[in-house]
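Naming: A, B, ... by sequence-line order, numbering from 1 per chain.
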Number of protein chains: 2
Amino acid sequence: MTKYVYLFKEGNAKMKNLLGGKGANLAEMTTLGLPVPRGFTVTTDACLRYYEDGEQIGEDIKEEILTTLEITEKTVGKKLGDPMNPFLVSVRSGARASMPGMMDTVLNLGLNDTVVEGLAELTSNPRFAYDSYRRFVMMFSDVVIGLSKSKFERILDEIKEEKGVVNDTDLSADDMKFVLKKFKDMYKKEIGKDFPQDPKEQLFEAIKAVFRSWNNERAIYYRRMNDIPSSWGTAVNIQEMVYGNMGEDSGTGVAFTRNPSTGEKKLMGEYLMNAQGEDVVAGVRTPYHIDHLEVTNKAVYDQFMDLSSKLENHYHDMQDIEFTIEKGKLFILQTRNGKRTAHAALRIAVDLVKEGLLTKEQALVKVDPKQLDALLHPMFDTKALKASKVIGTGLAASPGAATGKVVFSAEDAKEMHKKGEKMVILVRLETSPEDIEGMNISQGILTARGGMTSHAAVVARGMGRCCVSGCTELKINEEKKEFYLSGKTYKEGDWISLDGSTGIIYGERIATMEPEMTGDFATFMSWADEVRTLKIRTNADTPADAKQAVKFGAEGIGLCRTEHMFFEADRIRIVRQMILSETKEQRKAALDKILPVQRGDFEKIFTAMEGRPVTIRFLDPPLHEFLPQEEKEIKELANDLKVDVSEIKTKISDLHEVNPMMGHRGCRLAVTYPEIAIMQTTAVIEAAINVNKKGMNIEPEIMIPIISELKEFMYVKKLVVDTANKIIKDAKVNLKYSVGTMIEIPRAALLADEIAKEAEFFSFGTNDLTQMTFGYSRDDAGKFLGAYYAQQILESDPFARLDQKGVGKLVKMASELGRSARSDLKLGICGEHGGDPSTIEFCYLTGLNYVSCSPYRVPIARLAAAQAVINNR
Amino acid sequence: MTKYVYLFKEGNAKMKNLLGGKGANLAEMTTLGLPVPRGFTVTTDACLRYYEDGEQIGEDIKEEILTTLEITEKTVGKKLGDPMNPFLVSVRSGARASMPGMMDTVLNLGLNDTVVEGLAELTSNPRFAYDSYRRFVMMFSDVVIGLSKSKFERILDEIKEEKGVVNDTDLSADDMKFVLKKFKDMYKKEIGKDFPQDPKEQLFEAIKAVFRSWNNERAIYYRRMNDIPSSWGTAVNIQEMVYGNMGEDSGTGVAFTRNPSTGEKKLMGEYLMNAQGEDVVAGVRTPYHIDHLEVTNKAVYDQFMDLSSKLENHYHDMQDIEFTIEKGKLFILQTRNGKRTAHAALRIAVDLVKEGLLTKEQALVKVDPKQLDALLHPMFDTKALKASKVIGTGLAASPGAATGKVVFSAEDAKEMHKKGEKMVILVRLETSPEDIEGMNISQGILTARGGMTSHAAVVARGMGRCCVSGCTELKINEEKKEFYLSGKTYKEGDWISLDGSTGIIYGERIATMEPEMTGDFATFMSWADEVRTLKIRTNADTPADAKQAVKFGAEGIGLCRTEHMFFEADRIRIVRQMILSETKEQRKAALDKILPVQRGDFEKIFTAMEGRPVTIRFLDPPLHEFLPQEEKEIKELANDLKVDVSEIKTKISDLHEVNPMMGHRGCRLAVTYPEIAIMQTTAVIEAAINVNKKGMNIEPEIMIPIISELKEFMYVKKLVVDTANKIIKDAKVNLKYSVGTMIEIPRAALLADEIAKEAEFFSFGTNDLTQMTFGYSRDDAGKFLGAYYAQQILESDPFARLDQKGVGKLVKMASELGRSARSDLKLGICGEHGGDPSTIEFCYLTGLNYVSCSPYRVPIARLAAAQAVINNR
């Protein structure tokens, strides 16, 4: 029979999955003999049963709860609902992973109209008793019944006004009794029944409310952001109440065993005497620094110091401890690994290793890889930020902080730049490949449309540029050069600021600070490199990106997109000429002009990578993406090429596609226009030869995109090999190169054994593979994904975190089929997922050779790859 | 060791795969003791080796050919290249499946400057010898060297003009000698070498040319049209020449053992005396009816009659026989199952069973299911057709013949119809769902854009309406109401005709004939029904389609698209109102108005199906498809709804999608707007209850489209079940219904075991599954598929014939996974592929319960399903 309820003394820290983090830690501390208020935990299994049973607590579980309650009552020597000796409890959530503030809590449970009288007498403190009861009524109504807290607060405020006092503490016992009455009257008026008087009914209702709160909106959102599956459920902890508000010999506080901002090894804490936890949070009275306790109560201070260092040593990590002093007696209410800034995380990890409390490997798994991101981008000056006005939020599309003057087109950004105004923020409905240069010189990008993998988001992350995308409230008038948000119109030149790590938009200028890479960072990352087996490459299209990535530790380029080079001002003209060619000869003539430019690009990238492997993907997007969209530009192009405007418009309309994502792109371009593939091969091979002459040893990897069939790959490979071998032979050099493919079309994954006979490497293009496998257009999915998250049909963005079940099944299948045909097949991933820690673990387990991600994700990937090894030992 | 060369006497009719059809039949006839000129066959394996070896004949194969040649020479008593007793041969292609006229042939091989003199002497017929040689020079140059025949024909014409004669036969021996000289001179001038004199070199070059011709353009095209894989290769037959042009006691002819047009059991044939095969084809002299031979040479006539009936009895099928009479001696050069019209095919099949020559099952596999199509649609009057002017060709998108006056919009079609002019042909750039009514009342549809599965093609096939799509030369000016094609402008009201079975467009009115279903048709189809195990359903959205399909033998509806009902004039207004709703309440109000209309539709369809099962697919297309696109209509809508034009335009632009195929559609609409699914459920269930009250027994099958995840299915299923059960309970009736899904997204196929836990049936939506699996947008793929066919990357249109290797792997996987979770899972297919015979065989082998196809394909599917059983016994 499943056991659904555990006394604290029956559990331990390893039982997190069953007891939740809080419950497991309470059990562990109980076992360690620490002064923990007594109680028990209803397991996460019980929560899952609750949902299975149609949101009810099964009779068997109810019985188990009551039995365990009885045992606890005996130990404590008090009884729930007994006015003579009342047992009062807190009912708190506690999931496997810490989800601070996301779920619900009920305190002071067990009070009713008779118990309150007993409590008043027992404690000789009627004010305390009525205060506790009215707090309970308010909390229970809010959490269990759904009667908003604010209604109660309004009553309290009215009474305080009547009495002419400011603080709750200024109200007398009788005042509190009056408040209580008003609260209960309001409850009856709103709900139509009296406030429940049966403590057991209170208890079960509170437990159910905590279970329910697992699926409240903010919990769902938090889980999605933190990759926590909804299938885990939450545990519920029922614990004896202790009171910090029983007079001046009582108090409550919170402490961190080390500084959570800097990581400094020094206890940092605050407390308030004669108060409950919520008073500390509310911030009405200024709490004391923990050191002050040494002065007022040295014994308790010493005991706390002793316990906190014991806890840190026990958990081998910085602890975040909640404590209460009840009439001079210290209780530990909770301990957990403390949340900390990225800087602090690294320092603590490195220090703990130095102190011998952790091995390097243990330290490596203590830091959340995603946290590293904060160390790599500019940040807002925290002080400046506090006073700043939030005018909206969008998606946190690319991290970092940016401040600048608003511009509404890439052209204007460039214009401002020329005039010496480098601080600009590009605001667009959505960005397109033509905007790249403007994006690159902007401090940040803000868009009204597009998700986490929209053009703006992907390109910005690649550049390490701050970006907030998909701010749906943003109304842009590009013509007038203004936008409207949060009740105000912002014009070109107005200052705004963006936080790409939170998605928040500020309506003013805010100072930013450049990131520093501390020594701890380097030390810590070197440990990660020792452990990991996956190689980490980067997605980089420019020499600048390549250099940045090498600085961050990239070991090669996994995806060099050749089309981004086409958009620069000096070449887009020739590219358009190529596209508008009527004959093969015209097209070849244009390609001949592109060749030296593209060769030069490759030389620079090869040089930047200093001999590290580089995978070059051949032209991928549909050709219409290169053509101008605006009347003015079309006219310019027509002048330029000396043709009619109408001719160009016809061509643009001819190239239009209903579903460009599944249209004439990728290798399909090479099949219809082989001369493009031949030009690109020539550029790659000649560049490699030139660079190798200078002493490098580049072995280019040519990657054919959008392959769905072996014969298609063979056709393009033949173009590449014939061209390359002739150049190599004519140049009388030795140059190794390889030809492989992206696996991004489901059919290629299904038939990977065939394709691997000819392809020397696979790189999983999981962006497109996700699109095709789900049938989701990432440009359009925003319209329904919101509803999908709300209904918990999806728990995470499949474009950010690889869908291991579906898309991952194809990746696994393709890996196995591919290796069955070619045992040394090189496997990598180059989709956006390459920088996602959970995906990296999946790639490690699937046997991939490398992951490739944007330069700013390289450190994250290095750490995640190390953790994958350690966590799967 | 592989044997690459077979003497005729070493083979038999069963060795078609190795010897090709022609070679196998020559071998069979040789074994039967028929008078077949002697020879041998180089196998299809040798052809594959030829390509593997880089288009060369391996030395081992060459040696084997020479050895076999020597044996043949000994048997015949002649020798290749021996002027005293020359062995002359024909070199002919012969693939596994008959591909008439697609590949190359060389006759009279073995002649050279000395052999021709010997031949002249030996036959005492120098004219014959020189004529044969000059024919050989011309044919060899054309086929082997690629020197165009027309150049030789010009020389011949010049000489005839000089001599003042009309026919070749009027040229003397000396004239022929002169022709020959001129031919050889031209050869030398063009090629720079003398005409090859070594007969063995001639032989190997000719064999290579035949191998090469396997991959000429027309052969590739023919294979694609007839589902013949390029991996089969062709065999080459080297056979002793016999001559029908050796005087008036020689001749050549062709005969069918039954009438290939009507199927009548009467030998039908033609012959020419003193002629070679090509003369018969050229049609210069009018051939005699075969009966005439009885008069001129009764012995040969009787022998031929005897042989032809022997051959028909031996092959149990109508034979197409080529014969030659050399100096009074009869030779059979080839026999094969004769091509025949659909009418003839059925009559012959039924007759052969009556005559006891075939069992029913044997008869069933003799008829190509695709041929039945011709029996179901109107046809052109053959006589009227001959004189008609072809003005262009497009894709043969939907079969049948149509003639009518050109209109350029659905509106105009309706206008003409109202005026009593029912004969119209709708000419559009491409069609959209708004055009449906106009398409339905037109005789045929012609579009400039769109492939075999474009909107026009799919809808037209569904309606059984003739359609030619994707005529890229067609320049339409919709404003001026005219189009330009083949040098001429056609205006509204001008007559044109379309042949939807060939894609040919005629610039005038041509009489058409309605199809007749003969008694043979009914008999034959009843045999198919006895054998098949697959159920045949139809895709039908209207009562008319449903009735038509039942007439054709449909056993249920596999796909009833609910959105097509939305486009009719009386409801599109309300649908648009629903889409433009700002709130759930507005949307519900509009849906309340749609409900009775939709319920009425279902009642009519259920009634038409008379209790047969009906699968109803819930709303599938993205909502923007329902909104107007043209200014005028937008204005009307704005007036209608009393809102601003700009408001409607904003909504249209909001709903715009970059890749609508992968956008907000299918079940995603039900997740975001549950009220739509609830309305549709209500309509289906209430309609079923109403119809069942009238004594039917409908059990509706509700199908949720575009599912990619179990939880998504569960969410929508719950809406359906809650709604349906309440209605059924309130109505106090018993109504069974089931809820299933389309499998059309790769992820659903990959996770089919999960989905099958909740879904009661799967219907494979192979249109979308093909799109997603290949990453091909069927609207856009036309831009590159041409190149893919030309390069033989694809051998057939994956939207017409299921890609069994890739998409089929998913179908198989989903079937197995699905049945593993639910053993009685009902499986069907409802994509366009449901009517394709090869796909039907695949579905049978995969264990599907039914296929569903458009009404006009039902008979084809019935026969194909029977053949699948028989061919896989």
N/O donor-acceptor pair under 3.5 Å between A:Thr447 side chain and A:Glu430 backbone: no
Contacting region of A:Glu712 [heavy-atom separation from chain B under 4.5 Å]: both
Top contributor to chain A interface from B:Val658, B:Leu710, B:Leu751 [non-hydrogen pairs under 4.5 Å]: B:Val658
Top contributor to chain B contacts, counting heavy-atom pairs under 4.5 Å, from A:Asp654, A:Val671, A:Thr672, A:Leu794: A:Val671
Residue, of B:Arg665, B:Lys711, B:Arg747, that accumulates the most heavy atom pairs under 4.5 Å with chain A: B:Arg747
Proximal component of A:Lys783, with respect to chain B [non-hydrogen, under 4.5 Å]: both
Greatest number of heavy atom pairs closer than 4.5 Å to chain B - which of A:Glu744, A:His656, A:Lys805, A:Gln771: A:Lys805
Aromatic ring pairing A:Phe762/A:Phe764, orientation class (parallel under 30°, perpendicular over 60°, tilted between): perpendicular
Portion of A:Leu655 that has a non-hydrogen atom of chain B nearer than 4.5 angstrom: backbone
NZ or CZ of A:Arg223 within 45° of A:Trp232 ring axis and under 6.0 Å: no
A:Glu754, part contacting chain B, at a heavy-atom distance under 4.5 Å: side chain
Residue among B:Pro622, B:Ala787, B:Gly775, B:Gly806 with most heavy-atom pairs under 4.5 Å to chain A: B:Gly775
Short N-O contact, A:Arg587 and A:Glu675, less than 4.0 angstrom: yes
Any donor-acceptor pair under 3.5 Å from A:Asp780 side chain to B:Glu657 backbone: no
A:Gln791, part contacting chain B, at a heavy-atom distance under 4.5 Å: side chain
Heavy-atom donor-acceptor pair, A:Arg668 side chain to A:Gly663 backbone, under 3.5 Å: yes
A:Met813 portion near chain B, given a 4.5 angstrom heavy-atom threshold: side chain
A:Phe774 versus chain B, the contacting section by heavy-atom distance below 4.5 Å: both
B:Lys717 side chain vs B:Glu758 backbone, donor-acceptor pair below 3.5 Å: yes
Plane angle bin for A:Tyr788 and A:Tyr776 - parallel if under 30°, tilted between 30 and 60°, otherwise perpendicular: perpendicular
